[in-house]
Amino acid sequence: MEKRNWRILYQNYSGMEQKAVELVSRELGERILRDLGVYTFHVLPCVPAEALPTDENAVLIGIYSECALIRECLGAREIPEEGYLVSVMAHPDNPDCKLAVITAQEPAGLFYGAVDFVDDYFAFATPSNGALSLPHQLFLKDLPDYEHISAPQVKTRTVFTWGHPINDYRDYIENMARLKLNQLIIWNDFLPANAKDVVDYAHEYGIRVIWGYAWGWSTKCDEIDLEQLEALSDEIVAQYEREYRDAPGDGIYFQSFTELHQDYIGDKLIAEAVTDFVNQTAEKLFAKYPDLFIQFGLHAWSVQNHLEQIARVDPRIEIVWEDCGAFPYDYEPVIRDEKAFEETKDFTNRILSLRKNGACGMLYKGQTIMNWSEFVHQKGPYVMGMASEKIKAHDIALLEPIWRNYQTQWNRFGRYAYDMTKEIIASQKPDITLGMAGMFAGGIWFPEALCAEMLWSCEQSYEELAERVARRACIHRV
């Protein structure tokens with residue numbers, strides 16, 4: 001096979017379809033456009049999908065219903081909603097060439113199909129000599145046939161993060177899209193000055209942005225004055241109108257005073273007080289802004305014994321639960337007690353059935369987090385995610401030992417996160433949100449890639465899923 005005998009054919013070059021074409025062009029080009037140690041420059045032709053070349057390998061990219069050439073090549077096929085189909089086959093007019101088809105019903109699925117092609121097919125197709133993989137020979141030998149049809153089992157796949165650990169928001173968003181994640185919750189003390197740029201770029205990749213701020217949360221939640229909740233409620237509404245009402249974005253997220261390992265603050269039951277407070281504040285917002293999307297980030301420790309109170313939360317609010325027990329909710333991805341894990345599964349099922357008319361989400365931990373002993377609150381609005389190359393390199397080096405430890409733990413205990421995710425999916429809670437919290441700057445790390453693949457789908461066995469992720473060349477390994 002002549003490695004440069006390739007071209008890309010596209011149906012539409014705009015939006016996420018353009019992102020799909022560009023991803024394939026970049027990743028395929030990396031493997032075929034240079035010769036090691038030789039000063040040459042080649043390009044990968046990229047043209048509208050009008051007809052297949054008869055003497056070249058081709059990658060054909062487009063929406064199934066909109067591209068007659070794709071339908072001609074594939075025939076009648078069922079493409080799953082929000083999913084994709086990737087097929088690599090012999091060229092129909094030239095058995096010495098290959099044809100790869102990437103298709104979907106909508107642009108987001110098409111991009112995820114492109115991700116499958118460059119991350120999973122390239123890894124699958126890489127030739128080996130015994131146990132030795134030889135990536136540089138991938139396009140020098142006949143490529144194997146391949147077909148993969150996939151669709152998300154979880155509608156909303158989210159990440160929660162503080163804003164200021166993001167050193168490069170474009171890189172961060174691109175990595176999220178490559179992991180097939182579609183919602184980003186960004187917590188800040190102040191809305192970033194470049195909020196519009198962040199949201200616009202996320203939307204280019206089909207990612208919704210939810211801005212998070214405190215509704216009575218602090219690093220010392222037990223010091224809140226519960227007698228001043230009425231005034232606090234008014235200030236929360238004022239802050240929304242001052243900072244977020246006219247800002248770009250897809251909703252707001254808040255945490256309140258539930259991040260405590262106790263049921264009471266003074267003589268007040270936390271579960272009751274926070275429910276009344278949240279409902280009161282939300283009603284003020286909904287009265288003026290009835291279409292506002294609101295997520296309530298709820299730490300389970302302080303309310304787990306009083307779920308009847310939380311059941312009263314306004315059904316228009318989506319509750320995103322965290323700290324619900326053992327891993328995958330625990331900060332450390334380790335299972336020390338099988339009984340505790342089973343109890344956590346039972347508690348999760350109680351949460352999922354708690355509010356029949358209220359949306360629900362679950363947030364996993366087990367990724368790198370803030371060093372709270374060194375935490376400093378933001379002093380004002382700032383430019384988010386545009387750090388220098390030196391800062392980015394510094395933070396990657398700083399976090400590598402932590403990721404090494406987490407990677408080891410996920411290798412051993414990742415199955416428990418998989419089992420929990422399958423349990424949640426099996427509940428058939430409509431429009432469930434599943435996500436993970438942590439700091440993902442500096443590349444795609446194995447623990448987050450493994451978790452993200454679970455959030456997409458658990459139809460494969462755990463062994464198949466973990467092997468698929470581990471093979472990907474884009475994974476930052478330590």
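- The heavy-atom pair separating R355 from A359 by the smallest distance is NH2-O, 2.8 Å.
- Under the 3.5 Å distance criterion, the side-chain polar atoms of T275 are matched with a main-chain donor or acceptor of A271.
- The residues R26 and E30 are annotated as not salt-bridged, no charged nitrogen and carboxylate oxygen being separated by less than 4.0 angstrom.
- The existence of a salt bridge linking D276 and R312 is confirmed by a sub-4.0 Å separation between a basic side-chain nitrogen and an acidic carboxylate oxygen.
- With Q255 contributing its side chain and A214 its backbone, the two residues share no donor-acceptor pair below 3.5 Å.
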(request) Decide side-chain contact (heavy atoms from CB on, under 4.5 Å) for H203 and D250; before the verdict, give the C-alpha distance in whole Å, the side-chain angles of both, and the deciding distance to 0.1 Å. (result) CA-CA 10 Å; H203 285 177; D250 303 288; 2.8 Å; yes
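- The minimum heavy-atom distance between I265 and C221, with the atom names listed, is CD1-O, 3.8 Å.
- Between P248 and K196, the shortest heavy-atom contact is CG-CA, 3.3 Å.
- In this structure, a donor-acceptor pair under 3.5 Å is present between the side chains of H164 and Q378.
- Note that CD1 of I475 is 6.0 Å distant from CD1 of I444, once rounded to the nearest 0.5 Å.
- Ring geometry for F160 against Y253 counts as tilted: the plane angle lies between 30° and 60°, on a 0 to 90° scale.
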(request) Begin from the C-alpha positions of K155 and E82 and carry the test salt bridge (Lys or Arg N to Asp or Glu O under 4.0 Å) through to its verdict. (result) CA-CA 9 Å; K155 183 177 181 64; E82 299 185 26; 3.6 Å; yes
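- Heavy-atom minimum distance, L181 versus A452: CD2-CB, 4.1 Å.
- Ring orientation note: the planes of W372 and F375 are tilted relative to one another, at an angle of 30° to 60°.
- When R468, R472, R178 are each tested for a side-chain hydrogen bond (donor to acceptor under 3.5 Å, both in side chains) with D119, only one passes: R178.
- In this structure, a donor-acceptor pair under 3.5 Å is present between the side chains of D116 and Y84.
- Judged by distance alone, the side chain of S256 and the main-chain N or O of T258 form no donor-acceptor pair under 3.5 Å.
- Side-chain N/O atoms of D419 and Y462 include no donor and acceptor closer than 3.5 Å.
- Side-chain contact annotation: Y112 with S150, donor-acceptor N/O pair under 3.5 Å absent.
- By the 6.0 Å and 45° rule, K365 does not stack over the aromatic ring of Y329.
- With respect to the salt-bridge test (charged N to carboxylate O, under 4.0 angstrom), the residues E342 and K339 do not qualify.
- Between the side chain of R157 and the backbone N or O of K180, at least one donor-acceptor pair lies under 3.5 Å.
- Here the shortest heavy-atom pairing between W410 and P333 reads NE1-CB, 3.6 Å.
- Judged by distance alone, the side chain of S353 and the main-chain N or O of R350 form a donor-acceptor pair under 3.5 Å.
- Donor-acceptor pairing under 3.5 Å is lacking for the side chains of E22 and Y10.
- For the atom pair CE of M386 and CG of N194, the computed distance is 7.0 Å after rounding to the nearest 0.5 Å.
- Using a cut-off of 4.0 Å between Lys/Arg side-chain N and Asp/Glu carboxylate O, E241 and K284 are scored as not salt-bridged.
- A donor-acceptor pair is defined here as one N or O able to donate and one able to accept, closer than 3.5 Å; such a pair exists between the side chain of S427 and the backbone of I424.
- A salt bridge between E463 and R415 is present, with a side-chain N of the basic residue lying under 4.0 Å from a carboxylate O of the acidic one.
- Between the side chains of D263 and H306, at least one donor N or O sits under 3.5 Å from an acceptor N or O.
- Between the CD1 atom in I79 and the CG atom in L85 there is a gap of 4.5 Å [rounded to 0.5 Å].
- Counting heavy atoms from C-beta outward, L465 and L450 have side chains that approach closer than 4.5 Å.
- Expressed to the nearest 0.5 Å, how far CG of L354 lies from NZ of K429 amounts to 8.0 Å.
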(message) Pair F124, Y146 - check ring pair (Phe, Tyr, Trp, His ring centres under 6.0 Å), show working.
(response) CA-CA 9 Å; F124 162 79; Y146 175 85; 5.4 Å; yes
(request) Could you walk me through whether F327 and F413 pass ring pair (Phe, Tyr, Trp, His ring centres under 6.0 Å), step by step? (result) CA-CA 9 Å; F327 176 69; F413 298 106; 7.3 Å; no
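- Applying side-chain hydrogen bond (donor to acceptor under 3.5 Å, both in side chains) to E204 and the options Q18, K19, R170 leaves one that passes, K19.
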(message) Pair W217, W187 - check ring pair (Phe, Tyr, Trp, His ring centres under 6.0 Å), show working.
(response) CA-CA 12 Å; W217 177 90; W187 181 279; 5.7 Å; yes
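- Distance check: I207 CD1 to Y201 OH gives 10.0 Å after rounding to the nearest 0.5 Å.
- Note on ring orientation: taking the six-membered ring where Trp is involved, the planes of Y406 and W403 are perpendicular (angle over 60°, cut-offs 30° and 60°).
- The environment of Q262 atom CD is dense: over 12 non-hydrogen atoms of other residues, nucleotides or ligands sit within 6.0 angstrom.
- More than 12 non-hydrogen atoms from other residues, nucleotides or ligands lie less than 6.0 angstrom from CZ of R245.
- Aromatic ring orientation, W215 versus Y213: perpendicular (interplanar angle above 60°, classes split at 30° and 60°).
- Under the 3.5 Å distance criterion, the side-chain polar atoms of Q11 are matched with a main-chain donor or acceptor of E66.
- The line from CD of E343 to CG of D346 is 7.5 Å long, rounded to the nearest 0.5 Å.
- Contact of the M176 side chain with the Y205 side chain is not registered, since no non-hydrogen atoms from C-beta on lie closer than 4.5 Å.
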(message) Is there a side-chain contact (heavy atoms from CB on, under 4.5 Å) between N279 and V313? Walk through the geometry before answering.
(response) CA-CA 6 Å; N279 285 345; V313 170; 4.2 Å; yes
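- A side-chain donor-acceptor contact under 3.5 Å links N349 and E423.
- Of the possible polar contacts, none joining the T433 side chain to the T156 backbone as a donor-acceptor pair under 3.5 Å is found.
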(message) Checking Y172 against I186 for the side-chain contact (heavy atoms from CB on, under 4.5 Å) test, could you report, in this order, the C-alpha distance in whole Å, the side-chain angles of both residues, the deciding distance, and whether it holds?
(response) CA-CA 12 Å; Y172 194 103; I186 309 177; over 6 Å; no
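- Counting only distance, with no hydrogens or angles, the side chain of S87 and the backbone of E147 share no donor-acceptor pair below 3.5 Å.
- Using modelled atom types, one finds a donor on one side chain and an acceptor on the other under 3.5 Å when comparing E332 with Q409.
- Between K422 and E459 there is no salt bridge, since no side-chain N of the basic residue sits under 4.0 Å from a carboxylate O of the acidic one.
- Counting only distance, with no hydrogens or angles, the side chain of N167 and the backbone of G385 share no donor-acceptor pair below 3.5 Å.
- Side-chain contact between V24 and I102 is present, with heavy atoms from C-beta onward closer than 4.5 Å.
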(request) May I have the step-by-step check of ring pair (Phe, Tyr, Trp, His ring centres under 6.0 Å) for F190 and Y382, ending in yes or no? (result) CA-CA 8 Å; F190 299 90; Y382 68 110; 8.9 Å; no
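- For the residue pair E448/Q367, the side-chain donor-acceptor check at 3.5 Å is not satisfied.
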